[in-house]
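Here the structure comes first, spelled out in structure tokens, and everything after it is commentary.
Remember, it's 1-based here, ligands and their atoms both numbered in the order they're listed. No hydrogens, no waters, no symmetry mates; every other heavy atom, side chains included, goes into these values.
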Amino acid sequence: MKIDELRSVCVVGAGLMGRQIALNTAHHGYAVRLWDASPAQMASARGWLDEYVASRISKGRWTKDEADAAGSRLVFAADLVEAAREADLAIEAVVEDLEVKRAVFADLDRVCPPRAVLATNSSTFVSSLVANATKRPAQVANLHYFNPAMVMEVVEVVQGPHTSPETVALLLEFARRTGKRPILLQKEIEGFIANRLLWALSREACFLLDGGYATFEEIDLAAEKALGHPMGPFRLIDLTGIDLAYLIRTARHRTTGRDEDRPPRCIEERYRAGRYGRKTGRGFYTYE
Ligand SMILES: NC(=O)c1ccc[n+]([C@@H]2O[C@H](COP(=O)([O-])OP(=O)(O)OC[C@H]3O[C@@H](n4cnc5c(N)ncnc54)[C@H](O)[C@@H]3O)[C@@H](O)[C@H]2O)c1
């Protein structure tokens with residue numbers, strides 16, 4: 001398929017990421033059908049859409065016509081068949097559970113037209129793990145957005161050994177036409193680039209803290225003022241959640257068996273104490 005033939009996009013999963021990916025795509029002129037298995041999430045995504053669009057208009061970022069046009073191009077589908085049957089591109093943004101994702105890919109493969117490209121927004125799983133749930137592995141790849149997907153400038157496109165050069169070229173151009181700068185990974189690796197860089201920094205930060213080399217405040221200060229990061233690693237973990245940090249590391253350690261992937265002491269202790277970060281008022285820092 002040529003990029004100019006790509007008109008209709010299906011997004012599966014209307015959570016934090018899926019709803020933003022859907023609106024960003026509609027805002028850039030594509031017909032989008034969004035579907036989620038949970039009716040509550042569909043309702044929540046509709047509410048979010050109305051609020052988000054209203055705030056864009058009131059801040060003067062979008063004109064009313066622009067907002068109406070984006071809204072009219074984004075359809076909330078009643079089921080997966082309605083969402084996917086005319087899609088040229090399907091973007092999967094369901095929960096980070098491999099078995100669930102594989103089932104979604106098998107369904108998309110059955111329902112989408114044969115020309116359609118199927119992409120996963122997974123933060124960690126490479127598309128090889130889902131491509132073999134379909135009969136079109138050459139048309140499967142990673143298209144990884146960052147949160148918030150309406151705002152963040154880049155997406156990662158990961159080429160698997162099964163992915164055709166045409167599929168990669170299509171996704172790179174789709175990213176550009178939807179306002180993103182694509183970053184291409186020519187080979188698969190878990191976590192891709194940005195998250196791996198983040199993992200490396202936070203692993204080292206925890207090593208320094210657990211080894212008693214410096215306090216977490218001093219380590220954040222070094223990252224923020226010496227390296228120019230907008231937020232130090234501990235402030236960032238507090239924001240994204242110590243529970244998530246612990247669970248991701250536990251899952252990675254289970255997969256790799258490597259000692260360095262084990263949750264570090266400073267995270268494990270806070271996780272066990274229920275100090276999850278901002279959301280519980282206490283993590284590394286204390287919040288009002
Ligand atoms: N949260 C982030 O910062 C972030 C960033 C980049 C990528 N991601 C990835 O995006 C994906 C979604 O993450 P999220 O943060 O939006 O999660 P979320 O929990 O907000 O949304 C996941 C949605 O998937 C739906 N779902 C579950 N099973 C389904 C199924 N079988 N069919 C259809 N819908 C189903 C759920 O109802 C839920 O609405 C994950 O793979 C995650 O790794 C997340």
Among all protein heavy atoms, pick out the one at the shortest distance from atom 8 (N) of ligand 1; state its residue, atom name and that distance to 0.1 Å.
S123 OG, 3.1 Å

For atom 12 (C) of ligand 1, which candidate among A194, A93, P148 holds the nearest heavy atom?
A93

For ligand 1, which part of T240 has a heavy atom less than 4.0 Å away: the side chain, the backbone, both, or neither?
neither

Checking contacts now, so for atom 17 (O) of ligand 1, which I'm interested in, is there any protein heavy atom under 4.0 Å?
no

When you check the gap from the basic side-chain N to the acidic O, do K101 and E96 get nearer than 4.0 Å?
yes

Take the angle between the ring planes of Y52 and W62 and call it parallel below 30°, perpendicular above 60°, tilted in between.
perpendicular

Could you list the atoms of ligand 1 found under 4.0 angstrom from a heavy atom of V12?
33 (C)

Does K64 pair with D68 as a salt bridge, N-O distance under 4.0 Å?
yes

Regarding ligand 1, does A37 bring an N or O atom to under 3.5 Å of one of the ligand's N or O atoms?
yes

Under 4.0 Å from a heavy atom of Q41: give me the atoms of ligand 1 that qualify, with their elements.
37 (O), 38 (C), 39 (O)

Going by atom types alone, do E188 and S128 pair a side-chain donor with an acceptor below 3.5 Å?
yes

Interfacing atoms of ligand 1 (cut-off 4.0 Å, heavy-atom, H144):
6 (C), 7 (C)

With a 4.0 Å cut-off on heavy atoms, is R19 in contact with ligand 1?
no

Hey, is R176 close enough to E173 for a salt bridge, meaning N to O under 4.0 Å?
yes

Which ligand 1 atoms are under 4.0 Å away from a heavy-atom of V100?
28 (N), 31 (N)

Heavy atoms of A87 and C112 approach each other most closely as CB-SG, 4.4 Å

Exercise: identify the closest heavy-atom pair between G13 and L34:
O-CD1, 3.6 Å

Output yes when the distance from some N or O of ligand 1 to some N or O of V104 is under 3.5 Å, and no in every other case.
no

Within-cut-off N or O pair, W35 and ligand 1, under 3.5 Å:
no

Consider every N or O of F146 and every N or O of ligand 1, then say whether any pair is closer than 3.5 Å.
no

Between R235 and E224, is there a salt bridge with N-O shorter than 4.0 Å?
yes

What's the shortest heavy-atom distance between Y287 and G277, and which atoms?
CE1-C, 4.2 Å

Just go through I21, I91, V94 and tell me whose heavy atom is the nearest to atom 11 (C) of ligand 1.
V94

I'd like to know whether the aromatic ring centres of Y276 and Y246 sit less than 6.0 Å apart in this structure.
no

Per-atom filter on ligand 1: closer than 4.0 angstrom to a heavy atom of L16 are 1 (N), 15 (O), 16 (O), 20 (O)

Under 4.0 Å from a heavy atom of S122: give me the atoms of ligand 1 that qualify, with their elements.
41 (O)

Closest non-hydrogen atom pair, V81 against V111
CA-CG1, 3.8 Å

Among non-hydrogen protein atoms, atom 3 (O) of ligand 1 lies closest to N147 CB, 3.3 Å

Taking only Lys NZ, Arg NE, NH1 and NH2, and the carboxylate oxygens of Asp or Glu, determine whether R7 and D88 approach each other closer than 4.0 Å.
no

Note the single closest protein heavy atom to atom 14 (P) of ligand 1, along with its residue, its atom name and the distance in Å.
M17 CG, 3.9 Å

Kindly give the heavy-atom pair with the smallest separation between V158 and K187, and that separation in Å.
CG1-O, 4.0 Å

With no hydrogens and no angle check, do the side chains of E92 and T120 hold a donor and an acceptor under 3.5 Å apart?
yes

Does N121, backbone or side chain, put an N or O under 3.5 Å from an N or O of ligand 1?
yes

By number and element, which atoms of ligand 1 are closer than 4.0 Å to a non-hydrogen atom of G15?
16 (O), 20 (O), 21 (O), 39 (O)

Among all protein non-hydrogen atoms, which one is nearest to atom 6 (C) of ligand 1, and what is the separation to 0.1 Å?
Y145 O, 3.1 Å

Minimum-distance protein heavy atom relative to atom 41 (O) of ligand 1:
E96 OE1, 2.5 Å

Per-atom contacts, ligand 1 versus S38 - under 4.0 Å to a heavy atom
37 (O)

Residue and atom name of the nearest protein heavy atom (relative to atom 27 (C) of ligand 1), distance in Å to one decimal
V95 CG1, 3.7 Å

Identity and distance of the protein heavy atom lying nearest atom 25 (C) of ligand 1
D36 OD2, 3.3 Å

Pairing of R252 and E190 as salt bridge, 4.0 angstrom limit
yes

